[in-house]
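Everything below concerns the one structure shown next.
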Amino acid sequence: MNEKFKFEKSQKITFILLIVVGLLSLTAGILIYKDHPEKIWSNILLNNYYFLAIALCGIFFVAVHKIADSGWQASLIRIPESFASYIPIAAILMFLIYFGMHDIYHWTHTESLDHILQGKTAYLNMPFFFIRMFIYFALWILVSYGLRRLSIKSDFENDNKHFNKSRTYAALFVVLFAITSSTMSWDWLLSIDAHWYSTMFGWYIFSGALVTSIAAITLIILYLRKKGYMQYITESHLHDLGKYLFGFSIMWAYLWFVQFLFIWYANIQEETVYFVQRLEHFPILFYANVIINLVLPFFVLMSRGSKMKTSILATIAAIILIGHWIDLYLVIMPGSVGNSASVGFLEIGLSIGYAGLFLYVIFNSLTKASLVPVNHPFLEESLHYET
Amino acid sequence: MYVSPIREPLIKGEKSYQTITDEISAPIAGKPGPLWYAGITFSTLALLVGLYAMGHTVWNGIGTWGANRTINWGWGITNFVWWVGIGHAGTFISAILLLFRQKWRTSINRAAEAMTIFAVICAALFPVLHLGRPWLAFFMAPYPSTRELWINFNSPLIWDVFAISTYFTVSLLFWYIGLIPDLGTIRDRVTSKGKKAFYKFMSFGWTGSAKHWQRHESISLILAGLAAPLVLSVHSIVSMDFATSLIPGWHTTIFPPYFVSGAIFSGFAMVLTLMIITRRTLNLQQYITVNHIESMNKIIIATGSIVGVAYITELFMSWYSGNIYEQYTFLNRATGPYWWAYWIMMTCNVISPQLLWFKKLRRNLTFTFILSIFINIGMWFERFVIVVTSLHRDFLPSSWSMYYPSITEVGIFIGTFGIFFTLFLLFIRFFPVIAISEVKSVLKSSSEKFIKK
């Protein structure tokens, strides 16, 4: 049952090429937008957040299934587990925004804050911001690496000792992420529009990240299957991944819509300003966001057959990945870059570069252990699984 | 289907299909014990108290309640939201847990669904009584021809009417459709003529033929599909009664998911309260095992923690907003004249469920029972805090006020307990408390007898 993944040279070259594309667009961007450093930094922030959230939600996927005694996913769990290896890279990249704080975050200009923002300085100040960031990353890396280490260890010792211990780690991660999934979105995203607030914001961002992460997991699995690996992943597993994509897309839309509805209905200026700006200056992306992230997955994944069909599932997963990039774009850019923000070579190129980096790290990490957790107590359930 | 050996069995003891039928239908065939008679007497008395109080309200008007101009929603709406919340566990168990293929739901779904329906009945009474003129309740129907008036479709109160009546209808149908095969089984077992006629009528001529089963399965699937979004929609819309307003403490975007999770939280607490007693009195310990209790406790801690995160988010955002009215509202909740309600809510809903992280406590029946009562109380206070403390400090300090419930309101609240428990006691007397046919479906995969083999 032991199945080793081999990171081929051609794959390595492809991913490095993608990274080069990213670096080239970044360099070109720096040269062209000399007077608009906020554009560069906002793009870096967007990609930092996007890929970090995919990695974290992958670990969340592992942790939740573990404490829920779930059986069906045991055979595919090495894929999301490997996402842990991206978190340290994401930490380095995220700390880079130290140099762009003034360009992204209005509240860092402490010399010219109005009384509302002055009232927020107890939370929104540079030292505390970076202390929090350090704590988040330290804890995430600690727990996610612990989960992965125990999982790989169990391949060599056939008892449930490591599995039982990893349940404690899983519970810890769920608790940790219950809090940090909200606070990270407040720190890095909500504070861009420093005056604006919404209690739903953290959960709305989390739900989008979760569905993005499941789309990424699905796509990687489908790719590996096409390459001849993981042949034990059957239509039934794909069916379940498809159900997740379907269900969490609806959940995202529910949270997105409710946040919009309440602010629209109450019509308080301090709150509506956020949506007014996005509707007036980014109408195409605003509506595309809902269509791509709700309408398409809803109708495409409605039927049982389409969830099981590789080509349809792969297409819709790719579309969801783009859709939630747009969602994040709409969260970040109007606040940090302003109404002139647009999607051009920098936005697309830099994201391609990040995708290359992410895939390189993940694939490299997949070679480190068997693709099958051979001693997982629920592995047999997963291998004989039928929906 | 392969089942991992580390999974605990869901059915204990040496059970065959025959013993399952015998044991679950035993309470229907036999005579009820003195405990049942005591229970039904007590709850009918409570019901009568409630009926009197309701009559008093309708005859004399809403002035008999403690509501005033500032706090125009008091106990009535608190009780309404509390009961609707309790009515969430049943559908969650039968629809959402079905989607997540949780086999343990088969032992508790029937009773939980019954409880859901009774709780929604109790809930629906409050807004109707609060109308003051309940005979005009039909004004809420979108039927303009006689009055040449449409209802106000912009009002979340009207959305509520649609949401709850849809929820009630689907839950009732789902529950009843699930009952039909079991009623057929009971019909074939009872001997007295009257009973036979009753169950014959109730089971719609069920014969258990392959065609019947096939149709039964497909309608169940459709209803489960309909019920799943309803679990989310009902309490989301209940939260909109508050959140679409401008009142600090009510207008907050997190309300829908937080209300839904709170509703499932309180629903499971009520299921635990009832099932821990029921399994003992009806001798169903081998079907509703400690494993089942533990699974429910896991849901309690998950939903309770989500509610906790929501409380803290609200608290943080009220400060972060920089809006002095928001800040005052939350400060006042925690330290104002209703501080005790706030801290009862925090202790019961956020702090006490955290004890369930210990496996020993999750599997301890006495502890679980006490905790479930705590949560029932805590969730009532949550709604009280939301409704009353947000209103009692009006925008004008001259309108500030306090809320004191009248004896009539207390009577109505007691009355809803009477309705709830009377219906529940009748249910366990005349219907199988556990879904016989569904439990049989997991016998081969999850019973102690077959796992050992």
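Just so it is clear: chains get the letters A, B, ... in the order the sequence lines come, proteins before strands, and each one is counted from 1. Any value given below was found using the heavy atoms of this structure, including those in side chains, with hydrogens, waters and symmetry copies removed.
Residue A:W264: no heavy atom, backbone or side chain, is found under 4.5 Å from chain B. For chain A, the nearby parts of B:S321 are the backbone and the side chain; heavy atoms of each come within less than 4.5 Å. Neither the backbone nor the side chain of A:Q118 comes within less than 4.5 Å of any heavy atom of chain B. When heavy atoms are compared at a cutoff of 4.5 Å, B:I306 approaches chain A by way of both its backbone and its side chain. Contacts between B:F100 and chain A at a heavy-atom distance below 4.5 Å involve the side chain alone, from C-beta outward. When heavy atoms are compared at a cutoff of 4.5 Å, A:Y385 approaches chain B solely by way of its side chain, counted from C-beta outward. There is no contact between A:T121 and chain B, counting heavy-atom distances below 4.5 Å. Of the atoms belonging to A:A74, not a single heavy atom falls under 4.5 Å from chain B. Interface remark: B:N154 contributes backbone and side-chain atoms alike to the contact with chain A (heavy atom separation under 4.5 Å). Heavy atoms closer than 4.5 Å to chain A are found in both the backbone and the side chain of B:A310. If you measure heavy-atom distances from A:S70 to chain B, the contacts under 4.5 Å come from the backbone alone. Residue A:V174 does not touch chain B at all, counting heavy-atom pairs closer than 4.5 Å. In this structure, chain B has no heavy atom under 4.5 Å from any part of A:L117. Of the two parts of A:L190, the backbone and the side chain both hold a non-hydrogen atom closer than 4.5 Å to a non-hydrogen atom of chain B.
Residues A:F201 and B:T313 form no side-chain contact, since every pair of their non-hydrogen atoms from C-beta on lies 4.5 Å or further apart. Side-chain contact between A:D69 and B:K298 is present, with at least one heavy-atom pair separated by less than 4.5 Å. The shortest distance between side-chain heavy atoms of B:Y320 and A:L124 falls below 4.5 Å. Between A:M200 and B:P257, some side-chain heavy-atom pair lies under the 4.5 Å cut-off.
Here the closest non-hydrogen pair linking A:F262 and B:T252 is CD2-O, 3.7 Å. Of all heavy-atom pairs between B:S4 and A:P377, the closest is OG-O, 3.0 Å. Counting all heavy atoms, side chain and backbone alike, A:Y265 lies closest to B:S155 at OH-CA, 4.0 Å. In this structure, B:W319 and A:A122 approach most closely via the heavy-atom pair CZ2-CB, 3.9 Å.
Between B:T244 atom OG1 and A:N267 atom CG the span is 12.5 Å, to the nearest 0.5 Å. Between the OG1 atom in A:T199 and the NE2 atom in B:H251 there is a gap of 8.0 Å [rounded to 0.5 Å]. From A:Y204, atom OH reaches atom CD1 of B:I254 across 14.5 Å, with rounding to the nearest 0.5 Å. Residue A:I67 holds its CD1 atom at 9.0 Å from CD1 of B:I301, rounded to the nearest 0.5 Å. Interatomic distance, A:N164 CG to B:I6 CD1, rounded to the nearest 0.5 Å: 7.0 Å. Between the CG atom of A:L261 and the OG1 atom of B:T253 there is a distance of 11.0 Å, given to the nearest 0.5 Å.
Between chain A and the options B:E314, B:M240, B:M317, B:R7, the largest number of non-hydrogen pairs under 4.5 Å is found for B:R7. Interface summary for chain B: among A:V258, A:L255, A:I263, the most heavy-atom pairs under 4.5 angstrom belong to A:V258. In terms of heavy-atom pairs under 4.5 Å with chain B, the best-connected choice from A:G247, A:S198, A:G119 is A:S198.
Around the OH atom of B:Y2, the shell of radius 6.0 Å holds more than 12 heavy atoms that belong to other residues, nucleotides or ligands. Within 6.0 Å of NZ in A:K243 there are more than 12 heavy atoms belonging to other residues, nucleotides or ligands. Summarising the local packing, CD of A:E386 is surrounded by 12 or fewer heavy atoms from other residues, nucleotides or ligands at distances under 6.0 Å. Other residues, nucleotides and ligands contribute more than 12 heavy atoms inside 6.0 Å of the CH2 atom of B:W357. In A:Q269, the CD atom is not crowded: 12 or fewer heavy atoms of neighbouring residues, nucleotides or ligands sit closer than 6.0 Å.
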| request: Apply the test side chain to side chain contact (heavy atoms under 4.5 Å, CB included) to residues B:N323 and A:E271: give CA-CA distance (whole Å), side-chain angles for both, the deciding distance (0.1 Å), then the verdict. | output: CA-CA 11 Å; B:N323 177 330; A:E271 296 178 0; over 6 Å; no
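Exactly one of A:W203, A:F257, A:Y254 qualifies for a side-chain contact (heavy atoms from CB on, under 4.5 Å) with B:P256. That residue is A:Y254.
Taking the six-membered ring where the residue is Trp, the centroids of B:F316 and A:W186 are separated by under 6.0 Å.
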